[in-house]
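Hydrogens, waters and symmetry mates play no part in the numbers below; they use all other heavy atoms, side chains included. A quick note: this is a predicted structure, and the numbers were derived from the prediction, not measured. In what follows, chains carry the letters A, B, and so on, assigned in the order in which the sequence lines appear, proteins first and then strands, with residues in each chain numbered from 1.
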Protein chains: 2
Amino acid sequence: MSRENKSFYALLGVLLLGPATGYEIKQTIEKWLSHFWCESYGQIYPNLKRLVEENLATVKTEVQVGKPNKNIYSITDRGRQVLTEWLMKPIVSHPPVKNEFLLKLFFSQSIPLEESIEQVKQHKQKMLEISMFFEHLKIDAAAQCQEETETLYRSLTLDYSYRAVKGIIEWCDDCIHRLEKSKSPVKEEVR
Amino acid sequence: MSRENKSFYALLGVLLLGPATGYEIKQTIEKWLSHFWCESYGQIYPNLKRLVEENLATVKTEVQVGKPNKNIYSITDRGRQVLTEWLMKPIVSHPPVKNEFLLKLFFSQSIPLEESIEQVKQHKQKMLEISMFFEHLKIDAAAQCQEETETLYRSLTLDYSYRAVKGIIEWCDDCIHRLEKSKSPVKEEVR
DNA sequence: GAGTACATGTAAAACGTTACATGATTGC
DNA sequence: GCAATCATGTAACGTTTTACATGTACTC
């Protein structure tokens, strides 16, 4: 029953919001979950099949002309139950963290200071872009204005990521300062 | 030349700090880099071999009795060069983010509020543990007090992660508040 | 005419962890 | 006596992405 496979639950979760095709699921994840989750088609289509095999979802095929037929998936009661059980289970596995930026920075004593500063500036730029994306998402989410509880949980997850990037942007500024300062640390001691 | 493989550079980076065996590299990564990187033996040993094949490192075997022989790896000039080039290259790939906690929270409108609050409290607990681990690391890093530049970069990377968890802990408190409040949203409007 | 959106699906490749095998020594 | 530390290495397994195949319709 592969309780480990998180993609499974991600798919069930999206289906909870309403029936959808694999294609639509991909889009939903990209739009609303991209700041903390992603799935490729290589995961989505085979897993949707398995969902049906295990009675967690049903399919209806909508015949189309010109385009491939649409396979519209809906969550079943059993699917809802399995998802709910998972949602309430405490998280045990803390999967590997990998941050390429920090890996580089950690070993950066061997490159010129200017280069390190440049890397940090680029990282800050990237974080600014992400924070702007979040701001747009927030507006979109508020505009959609569905059920109040749904909005609450979307808002909470968005705030989590937003706060994280904001913190990182502040860190970038600090970091640039500290690196600049270390260029000429003697001056301050001389005065 | 597999420029994609980040493990490669992680190994080179650790070897930059001094010659080491695969076993010691694992320990170093676990102690100092664990908050942003990890490597398993299944990655370390085969990649160390490849490092030697590509002249980025050399091995010396130290014969031991009772234990397996030690293979001590040292970085070569070419290794240093390859590492430095990578350090200065801008980061292009932003690998998949996967946050199981947020995935659960996003879909939590379908479980009782109390359960969601419990999940957030557990997440906060985890973050507190991590922040304490960071505080210890900071002390250890200061105590080692090697070269000043080395200390600077370690301190910077640590602060990055530290600030991130601190932000998340604050978010947890906020989040718990907001969830508690949504239990009885009517009261406030009634008054 | 090129590119994008719609729509599904698979095979190959890369990536990464876990578990196993081996085996002495030291501390509880 | 059991667990942990030291030390290396591989095979199996699972996960995940990428690239490919297919094909219409619409927009620039």
Side-chain angles (χ1 to χ4, degrees), chain A residues 1-11 14 19-31 33-34 37-53 57 59-73 92-100 103, chain B residues 1-11 14 19-31 33-34 37-53 57 59-73 92-100 103:
Chain A
M1 207 143 289
S2 124
R3 315 206 165 285
E4 304 309 309
N5 195 341
K6 307 293 160 21
S7 299
F8 231 70
Y9 300 111
L11 294 176
V14 176
T21 66
Y23 190 82
E24 288 165 347
I25 289 171
K26 180 91 204 290
Q27 285 179 116
T28 301
I29 292 175
E30 252 160 36
K31 167 117 200 192
L33 286 73
S34 67
W37 206 262
C38 63
E39 294 295 344
S40 61
Y41 287 125
Q43 291 275 93
I44 292 171
Y45 287 116
N47 277 320
L48 280 173
K49 263 190 190 166
R50 287 181 52 212
L51 238 44
V52 176
E53 278 164 25
V59 218
K60 265 186 199 165
T61 303
E62 199 174 274
V63 180
Q64 295 192 132
V65 275
K67 298 174 194 172
N69 294 337
K70 263 188 181 176
N71 295 332
I72 303 166
Y73 292 84
V92 278
S93 70
H94 284 266
V97 220
K98 298 229 168 177
N99 185 324
E100 188 183 341
L103 184 65
Chain B
M1 207 144 290
S2 121
R3 315 208 166 281
E4 303 309 307
N5 194 341
K6 308 293 162 19
S7 298
F8 233 69
Y9 300 110
L11 293 176
V14 175
T21 65
Y23 190 81
E24 287 164 349
I25 289 171
K26 179 93 203 288
Q27 285 179 118
T28 301
I29 292 175
E30 251 159 37
K31 166 117 201 189
L33 285 74
S34 66
W37 207 261
C38 63
E39 292 295 345
S40 61
Y41 287 124
Q43 292 274 92
I44 292 172
Y45 287 116
N47 276 320
L48 280 173
K49 263 189 189 166
R50 288 180 51 212
L51 239 42
V52 175
E53 277 164 26
V59 217
K60 264 186 198 167
T61 303
E62 199 174 274
V63 180
Q64 295 192 129
V65 276
K67 297 174 197 173
N69 294 338
K70 264 187 181 176
N71 295 334
I72 302 167
Y73 292 84
V92 277
S93 69
H94 284 264
V97 221
K98 298 227 169 180
N99 186 324
E100 188 183 340
L103 184 65

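Between the side chain of B/Lys98 and the main chain of A/Cys38, a donor-acceptor pair closer than 3.5 Å is present.
Between the CG atom of B/Asn69 and the P atom of D/dC6 there is a distance of 17 Å, rounded to whole Å. Rounding to whole angstrom units, CD of residue A/Glu30 and C1' of D/dT17 are separated by 13 Å. A/Lys70 has its NZ atom 12 Å from the C1' atom of C/dA5, to the nearest Å. Taking atom NZ on A/Lys60 and atom P on C/dT8, their separation rounds to 16 Å, with Å as the unit. If you take CD of B/Glu62 and C1' of D/dT8, they are 15 Å apart, rounded to a whole angstrom. At whole-Å resolution of the value, CG in A/Asn5 and P in D/dT15 are 5 Å apart. One can place CZ of A/Arg50 at 11 Å from C1' of D/dG14, the figure rounded to the nearest angstrom. In this structure, B/Leu48 atom CG and D/dT10 atom P are separated by 12 Å, rounded to whole Å.
If you check every strand for non-hydrogen atoms under 4.0 Å, A/Gly22 touches sugar and phosphate atoms only. Backbone-only engagement by A/Lys49 is indicated by non-hydrogen atom pairs under 4.0 Å involving sugar-phosphate atoms exclusively. Counting any heavy atom pair closer than 4.0 Å across all strands shown, A/Gln27 reaches sugar-phosphate atoms only and no base atom.
Across C/dT10, C/dT17, D/dT16, the shortest atom-to-atom separation from the side chain of B/Gln43 is found for C/dT17. Among the nucleotides C/dG16, C/dG9, D/dT17, the one closest to the side chain of A/Ser40 is D/dT17. When the nucleotides C/dG16, D/dT8, C/dG9 are ranked by their closest atom to the side chain of B/Tyr45, D/dT8 comes out on top.
Here the straight-line distance linking atom NZ of B/Lys26 with atom OH of B/Tyr45 works out to 9.5 Å at 0.5 Å rounding. Note that OG1 of B/Thr21 and NZ of B/Lys60 are 15.0 Å apart. Values are rounded to the nearest 0.5 Å. Summarising the geometry, atom CD1 belonging to B/Ile25 is positioned 10.5 Å from atom OH belonging to B/Tyr41; distances are rounded to the nearest 0.5 Å.
Remark on DNA chain D: of its neighbouring residues B/Tyr73 and B/Pro96, the 5'-side contact belongs to B/Tyr73, judged by nearest-heavy-atom nucleotide. Mapping A/Ser7 and B/Asn71 onto DNA chain D by nearest heavy atom places B/Asn71 closer to the 5' end of the strand.
A salt bridge is defined here as a Lys NZ or Arg NE, NH1 or NH2 lying under 4.0 Å from an Asp or Glu carboxylate O, and B/Glu53 with B/Lys49 fails to meet this definition.
At C/dT8, one or more side-chain N or O atoms of A/Thr21 fall inside 4.0 Å of OP1 or OP2 (strictly under the cut-off). At C/dC6, one or more side-chain N or O atoms of A/Tyr23 fall inside 4.0 Å of OP1 or OP2 (strictly under the cut-off). Side-chain nitrogen and oxygen atoms of A/Asn47 include none within less than 4.0 Å of the OP1 or OP2 phosphate oxygen of D/dT15.
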